[in-house]
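Read through the structure below, which is laid out as structure tokens, and then see the notes.
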Amino acid sequence: MRRKVALLAYSVIAVNNLVFGAIYLTSDRFLSYHSQAVGSAWEDVDHGTQALILALMKLAGGGWLALGLITIALVLSELKQSRTLVRWALPVGTLMFYTPSLAATWSGYRETGAQAPWIPSLVMIGVVLVAIIIDAPWSRSPQSKG
């Protein structure tokens, strides 16, 4: 049961990743908090800067989308058969993505006062920490196979 709760937590993270990935990949302009951070409307930003911002947004969106899809694949794999590698890959991969995401959005919030979305990154880190404690991949076998 504990293993399934942990996998549910990872699934919530995966859905969050897919949503953020879709938002960033489909945006044709920066988001409202980006406008707050730079103190300008999209239309007032020069074309070269717009192109750079959109490229970075597509990169971030691709990262979220990739992490979401990989997380779903690992969760589905783990439901079939427990593997220590998967039990570590889920939290480590998620933390490797969300720790710099938190640092970047917190920095944007702190430096500019913009309502940068640092809270979702902090929540995802919290969820993965709870999931890893529940799953305890350092133990020899999952807490529960069922």
Side-chain angles (χ1 to χ4, degrees), residues 1-38 42 45 47-146:
M1 179 64 174
R2 291 177 69 168
R3 185 171 134 236
K4 286 187 178 180
V5 171
L7 292 175
L8 177 62
Y10 291 120
S11 297
V12 168
I13 293 169
V15 169
N16 181 76
N17 294 338
L18 295 174
V19 168
F20 273 102
I23 290 169
Y24 275 68
L25 280 172
T26 60
S27 292
D28 62 353
R29 58 184 48 232
F30 57 44
L31 304 177
S32 61
Y33 78 91
H34 296 133
S35 181
Q36 291 174 351
V38 299
W42 178 253
V45 176
H47 177 71
T49 303
Q50 286 180 348
L52 178 61
I53 290 170
L54 283 177
L56 292 170
M57 287 177 65
K58 302 303 180 206
L59 177 65
W64 267 307
L65 191 62
L67 183 59
L69 293 173
I70 289 167
T71 300
I72 288 170
L74 290 173
V75 165
L76 292 174
S77 169
E78 184 65 11
L79 283 172
K80 291 183 178 189
Q81 177 183 350
S82 179
R83 292 178 199 87
T84 302
L85 176 62
V86 172
R87 294 171 68 208
W88 279 107
L90 285 165
V92 169
T94 303
L95 288 171
M96 286 178 66
F97 185 86
Y98 277 103
T99 301
S101 175
L102 175 60
T105 52
W106 176 254
S107 175
Y109 168 75
R110 191 183 73 246
E111 297 293 325
T112 68
Q115 296 302 307
W118 61 271
I119 293 174
S121 292
L122 182 62
V123 169
M124 292 300 104
I125 289 170
V127 170
V128 77
L129 291 176
V130 168
I132 196 171
I133 290 168
I134 290 170
D135 187 38
W138 50 85
S139 67
R140 287 202 172 268
S141 63
Q143 297 296 326
S144 169
K145 295 236 183 208

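With contacts defined as side-chain heavy-atom distances shorter than 4.5 Å, the pair Val19/Trp64 does not qualify. Proximity of Arg2 to Asp135: side-chain heavy atoms (C-beta onward) are nowhere separated by under 4.5 Å. Side-chain contact check for Tyr98 versus Leu67: some heavy-atom pair is nearer than 4.5 Å. Looking only at side-chain heavy atoms (C-beta outward), Val38 and Thr49 stay at 4.5 Å or farther from each other. Leu59 has its side chain out of reach of Tyr24: every pair of non-hydrogen atoms, C-beta onward, lies at least 4.5 Å apart. Between Tyr109 and Pro117, every side-chain heavy-atom pair lies at or beyond the 4.5 Å cut-off. Using a 4.5 Å heavy-atom threshold, the side chains of Leu69 and Leu18 count as touching. With a 4.5 Å cut-off on side-chain heavy atoms, Asp28 and Leu54 do not count as touching.
Put simply, the side chain of Thr112 gets close to the backbone of Gly108: a donor and an acceptor are under 3.5 Å apart. No donor-acceptor pair closer than 3.5 Å links the side chain of Gln115 to the backbone N or O of Tyr33. A donor-acceptor contact shorter than 3.5 Å links the side chain of Ser11 to the backbone of Leu7. Checking side-chain atoms of Gln50 against main-chain N and O of Trp42 turns up a donor-acceptor pair under 3.5 Å. In this structure, Asn17 contributes its side chain and Ile13 its backbone to a donor-acceptor pair below 3.5 Å. Checking side-chain atoms of Thr99 against main-chain N and O of Met96 turns up no donor-acceptor pair under 3.5 Å. In this structure a side-chain-to-backbone donor-acceptor pair under 3.5 Å is missing from Ser77 to Ala73.
When all heavy atoms of Ser101 and Ser121 are compared, the closest pair comes out as OG-OG, 2.8 Å. Closest of all the heavy-atom pairs between Val128 and Pro91 is CG2-CA, 3.5 Å. Closest of all the heavy-atom pairs between Ala131 and Ala6 is O-CB, 3.6 Å. Annotation for Ala37 and Ala114: closest pair N-CB, 3.4 Å, computed over non-hydrogen atoms. Across all non-hydrogen atoms, the minimal contact from Leu25 to Lys58 is O-NZ, 2.7 Å.
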Does Leu31 form a side chain to side chain contact (heavy atoms under 4.5 Å, CB included) with Met57? I'd like the steps, not just the answer. CA-CA 10 Å; Leu31 304 177; Met57 287 177 65; 4.1 Å; yes
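Here the straight-line distance linking atom CG of Leu90 with atom CD1 of Ile132 works out to 9.5 Å at 0.5 Å rounding. In this structure, Met124 CE and Tyr10 OH are separated by 12.5 Å, a value rounded to the nearest 0.5 Å. Taking NE2 from His34 and CD from Gln36, the interatomic distance works out to 10.5 Å, rounded to the nearest 0.5 Å. Remark: Ile134 CD1 to Lys4 NZ distance equals 14.5 Å, nearest 0.5 Å.
The only option from Arg3, Arg83, Arg87 that meets the side chain to side chain contact (heavy atoms under 4.5 Å, CB included) definition with Pro137 turns out to be Arg87.
Using cut-offs of 30° and 60° for the angle between ring planes, the Trp138 and Trp88 rings count as tilted.
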